[in-house]
Amino acid sequence: MLKDFKPVLGILLRFIIIYLVLLFAYQFYLNSFQNEGLDPFSRMIAEQVRYIQNLFGFQTQLYDDVKGEQVYFYVKNEYPTRMVEGCNAISVMILFVAFVFAFYKGKKTFVFVLIGLVLLYIMNVLRIIGLNVVATDYKQYAKISHDYVFPAVIYGTVVVLWLVWIKFFALKHENS
């Protein structure tokens, strides 16, 4: 009976191991910047959001809150949003990578993960820009956008990427 479940158990075990290794590595990264303000990766995303918003005439400045480990976006004489570590989508990217590598298919796995991570990064920057616009110009929709709409965007992107990986790469030889 265990023989029938061996492929599924292998995939599950690979997922768990990869997920935990990446999660612990990320936690180690975060711990190395404790008490220094927002971590450099999150800070880089905040800077890119600021740059793009300024490029499109949505004048934005960043204000550091080192003690709070966050950066505030200053837009139109107010602070509509703030960037914290959880906004960088790394945890979502770790989940994505672990799932794809659980269905490892050689070199194309690395290519797909790289393309997927770039797409998730871009979607996350656009998500934060969208949230800043909503929180500034459409305040009545800020909470629902932050709690439901924009998380659906980033998680929806992950699900679509997973479906593409499974349908067109991981199980392709089985459908032939």
Side-chain angles (χ1 to χ4, degrees), residues 13-102 110 113-159 161-162:
L13 186 60
R14 269 193 307 253
F15 173 81
I16 291 169
I17 290 170
I18 294 166
Y19 181 77
L20 289 176
V21 166
L22 292 174
L23 192 64
F24 286 129
Y26 180 54
Q27 191 58 53
F28 179 77
Y29 163 80
L30 289 177
N31 290 344
S32 67
F33 295 103
Q34 201 169 15
N35 301 322
E36 293 182 25
L38 195 60
D39 67 279
F41 186 76
S42 300
R43 176 70 187 192
M44 179 182 70
I45 292 172
E47 289 287 351
Q48 289 171 345
V49 167
R50 180 195 58 77
Y51 175 81
I52 293 169
Q53 287 180 183
N54 286 334
L55 191 66
F56 286 99
F58 203 70
Q59 294 307 307
T60 305
Q61 294 176 340
L62 300 177
Y63 288 98
D64 286 310
D65 176 7
V66 174
K67 187 177 178 183
E69 296 182 342
Q70 57 193 347
V71 170
Y72 286 91
F73 290 99
Y74 183 70
V75 184
K76 295 184 179 179
N77 299 319
E78 60 182 291
Y79 299 94
T81 61
R82 62 192 172 100
M83 176 85 178
V84 297
E85 172 272 323
C87 300
N88 66 18
I90 291 290
S91 59
V92 175
M93 292 177 191
I94 288 172
L95 198 60
F96 165 74
V97 169
F99 180 85
V100 173
F101 273 102
F110 290 95
V113 163
L114 182 62
I115 291 169
L117 288 174
V118 169
L119 182 62
L120 286 171
Y121 186 90
I122 292 167
M123 290 301 291
N124 190 52
V125 169
L126 294 175
R127 176 184 73 91
I128 296 167
I129 292 169
L131 185 58
N132 281 334
V133 170
V134 169
T136 303
D137 293 345
Y138 308 97
K139 291 175 182 55
Q140 67 273 27
Y141 301 112
K143 180 158 178 47
I144 194 168
S145 295
H146 177 271
D147 294 350
Y148 302 106
V149 175
F150 289 111
V153 168
I154 199 75
Y155 284 108
T157 303
V158 169
V159 170
L161 286 169
W162 284 346

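Values below: every heavy atom of this structure, side chains too, minus hydrogens, waters and symmetry copies.
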Participant: Could you list the residues that satisfy side-chain hydrogen bond (donor to acceptor under 3.5 Å, both in side chains) with Glu47, not counting sequence neighbours?
Facilitator: Arg43, Arg50
Participant: Sequence neighbours left out, what passes ring-ring contact (aromatic ring centres under 6.0 Å, His included) with Phe99? Give chain and number order.
Facilitator: Phe103, Trp162
Participant: Could I get the full list of side-chain contact (heavy atoms from CB on, under 4.5 Å) partners for Glu78, not counting sequence neighbours?
Facilitator: Pro80, Lys139
Participant: May I ask you to check whether Phe101 and Phe110 place their ring centres under 6.0 Å from each other?
Facilitator: yes
Participant: Which pairs with one or both residues in residues 38-71 pass ring-ring contact (aromatic ring centres under 6.0 Å, His included), sequence neighbours excluded?
Facilitator: Phe41-Tyr121, Tyr63-Tyr74, Tyr63-Tyr79
Participant: Could you list the residues that satisfy salt bridge (Lys or Arg N to Asp or Glu O under 4.0 Å) with Asp137, not counting sequence neighbours?
Facilitator: Lys76
Participant: Donor-acceptor pair, distance only, cut-off 3.5 Å: does the side chain of Gln59 make one with the backbone of Val75?
Facilitator: no
Participant: Can you confirm whether or not the ring centre of Phe33 sits under 6.0 Å from the ring centre of Tyr29?
Facilitator: yes
Participant: State which residues pass side-chain contact (heavy atoms from CB on, under 4.5 Å) with Tyr141; sequence neighbours excluded, sorted by chain then number.
Facilitator: Val134, Tyr138, Ile144, Ser145
Participant: Looking at Cys87 and Arg127, what are the two nearest heavy atoms and their distance?
Facilitator: O-NH2, 3.1 Å
Participant: Can you sort out the partners of Asn88 under side-chain hydrogen bond (donor to acceptor under 3.5 Å, both in side chains), two or more places apart, ordered by chain and number?
Facilitator: Tyr26, Ser42
Participant: So, using side-chain contact (heavy atoms from CB on, under 4.5 Å) as the criterion, who are the partners of Ala98 when residues are at least two apart?
Facilitator: Phe15, Ile18, Tyr19
Participant: Apply side-chain contact (heavy atoms from CB on, under 4.5 Å) to Ile16 and list each qualifying residue two or more places apart in sequence or on a separate chain.
Facilitator: Leu12, Leu20
Participant: side-chain hydrogen bond (donor to acceptor under 3.5 Å, both in side chains) with Thr81: which residues, sequence neighbours excluded?
Facilitator: Asn132
Participant: Search all heavy atoms of Thr60 against all heavy atoms of Asn54 and return the closest pair with its distance.
Facilitator: N-OD1, 2.6 Å
Participant: For residues 13-32, which residue pairs pass the salt bridge (Lys or Arg N to Asp or Glu O under 4.0 Å) check, not counting sequence neighbours?
Facilitator: none
Participant: Going by side-chain hydrogen bond (donor to acceptor under 3.5 Å, both in side chains), name the residues that satisfy it together with Gln27, two or more places apart in sequence or in a different chain.
Facilitator: Asn31
